[in-house]
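Everything below concerns the one structure shown next.
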Amino acid sequence: MQARELARGLSIRALLLPCDFPGLTRHEVTVLLREAFPGAARGLCADLALCLSLCLGLEIARMPSLRFVTESGNVVGETWTLRNDEVFLSRWPELPNHHKGRVAPLLTGRHGWLMLAIPKALAAFRLIKALTGAADGLDRQVDGRLSEINKQSGLRLTLGRISNHLHTSLIQQGQDRARAALIAGKPAKAYPQLHYHTDDAMLLENIHAAWLRDLLADAGLEKEKLIACGSDLRVGSNLSPNPDLLQRYSRELHKRLDFDRRSGLSRLIGFHNEFVLYSLELLNLGTGHRPVDCPYESLLDIDVTGQLIYISDKENRSGSASRVIALPEVALEQISHIRSQLETLISHNSVVGEVAVRAAAKALEGDGPFLFFISKDQSIDIVTPKLLNDRFRDRWPLPLNWTRHWMRSSLARVGVEGDLIDAWMGHADFGQEALGRWSGLSIKDLRHVALTVGKIMCEIGFGEVPGWPRRSK
């Protein structure tokens with residue numbers, strides 16, 4: 001299975017050379033549709049496969065293997081869905097299922113599939129069903145038909161460019177890369193944005209329908225009707241916390257801090273640990289930082305005057321996800337409170353112990369992490385995903401990267417451009433880094449993102465929280 005998937009991936013990449021334009025030009029689309037659409041409507045399998053590949057971003061080799069299901073069929077992946085003797089292409093992204101166990105009650109929305117529109121002339125069950133019957137010879141028929149069209153028109157159309165045109169065209173129109181990948185059925189392994197993005201299925205279906213109408217109109221087929229389907233489902237990452245429960249979680253964190261703050265110096269260590277947890281959640285919301293060992297390694301990574309922070313939270317063979325982003329005002333204020341908390345630890349040596357005092361002093365000098373826990377024996381515990389899961393999973397059992405899921409979807413919902421979201425998340429493609437040499441983005445653009453992030457954080461109750469009172473007895 002793995003070998004077949006690898007071979008399939010290599011064959012697709014061979015069709016999409018880096019020096020080649022990955023989609024089609026307007027002229028190529030017009031020629032292809034004018035040549036293939038009439039035959040597709042008559043049931044010619046090769047013409048139908050080419051038209052469906054263009055309209056749906058569907059690889060022709062996969063068409064014969066797609067199953068037919070009823071509207072209620074919950075099948076992950078791609079299927080032909082039947083409704084009133086008409087056919088839709090349903091896409092259910094292959095993403096982790098978080099709707100289970102203790103996590104499920106904290107999440108919101110009915111997650112499921114997209115049902116993409118097909119031109120009415122091509123949506124009849126008998127036409128789509130014919131593709132399954134032509135499984136053995138479909139590739140040969142399509143290759144022959146495409147060669148014929150290329151020869152007659154003087155073009156160099158390829159199957160890779162045809163199936164990739166939907167995705168490429170949506171991105172060229174300025175659509176968010178996650179939305180474009182969901183609509184075009186791109187794999188999550190190649191598009192990490194999909195792991196963190198949740199959207200309304202109806203919104204994505206409408207984006208695809210509008211794109212398809214324009215595509216047909218350019219080819220003189222504006223009179224062709226679309227069979228569209230509205231849905232109240234959500235699609236994409238299903239790690240989407242219920243907003244009311246999320247606000248309740250932030251209020252609970254505030255209550256714990258207030259209780260410890262009023263309980264005297266005997267609760268200083270307990271307060272500090274709760275303060276670190278809250279600050280970590282707040283900063284992760286405000287920066288999109290991944291849950292890693294020892295995050296926020298040094299105060300020197302923060303430019304308070306310029307309101308910037310340097311983040312390096314992932315490396316792989318293709319490059320680094322390190323980035324510089326602008327900080328929202330609430331995160332800057334919290335960092336100021338963190339400094340004050342570290343100073344408070346130093347002034348209460350007898351309560352927190354020498355180890356904690358040395359760790360706080362090193363953090364203030366920029367020589368160590370400024371977020372750490374203090375154990376009952378006064379030793380230091382560096383922040384790690386395992387430690388967070390062990391200590392705090394009972395009160396908020398969502399995966400630690402819920403902050404990235406929440407913020408990416410929220411930024412897209414309020415209209416922040418996809419390129420800016422990718423820059424903030426560390427999802428910029430290799431060679432297209434947000435602040436790279438040839439980039440058109442600037443720090444000013446990232447400040448716009450920070451302003452929006454700050455508003456979203458305040459909406460769910462994550463505002464600044466001061467540390468331990470300096471003059472407490």
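L56 has its side chain within reach of I118: a pair of non-hydrogen atoms, C-beta onward, lies under 4.5 Å apart. Inter-residue side-chain proximity for L280 and P295 is flagged as met; some heavy-atom pair is nearer than 4.5 Å. Two residues are said to be in side-chain contact when any heavy atoms from C-beta on lie closer than 4.5 Å; F275 and R256 fail this criterion.
Classification of the W402-Y249 ring pair by plane angle, with boundaries at 30° and 60°, yields perpendicular. Ring planes of H405 and H98: perpendicular class, angle over 60° (limits at 30 and 60°). Relative orientation of the Y191 and H167 rings is perpendicular, given thresholds of 30° and 60° on the angle between their planes.
For the pair R408 and Y196, the NZ or CZ position fails the cation-pi test of under 6.0 Å to the six-membered ring centre and within 45 degrees of the ring normal. A cation-pi arrangement is present between R391 and F373 under the rule of less than 6.0 angstrom and at most 45 degrees off the ring axis.
Considering CD1 of I325 and CD1 of I311, their distance stands at 4.0 Å, rounded to 0.5 Å.
Around atom CD of E94, no more than 12 heavy atoms belonging to other residues, nucleotides or ligands sit under 6.0 Å away. Within a 6.0 Å sphere centred on CZ of R67, heavy atoms belonging to other residues, nucleotides or ligands number 12 at most.
Contact check on R395 versus E252 returns no salt bridge, with no Lys/Arg side-chain nitrogen under 4.0 Å from an Asp/Glu carboxylate oxygen.
Between H337 and Y278, a ring centre-to-centre spacing not shorter than 6.0 Å is recorded. You'll find the ring centres of F259 and H254 outside the 6.0 Å limit.
Checking N164 against K186 by side-chain atom types alone, a donor-acceptor pair falls below 3.5 Å.
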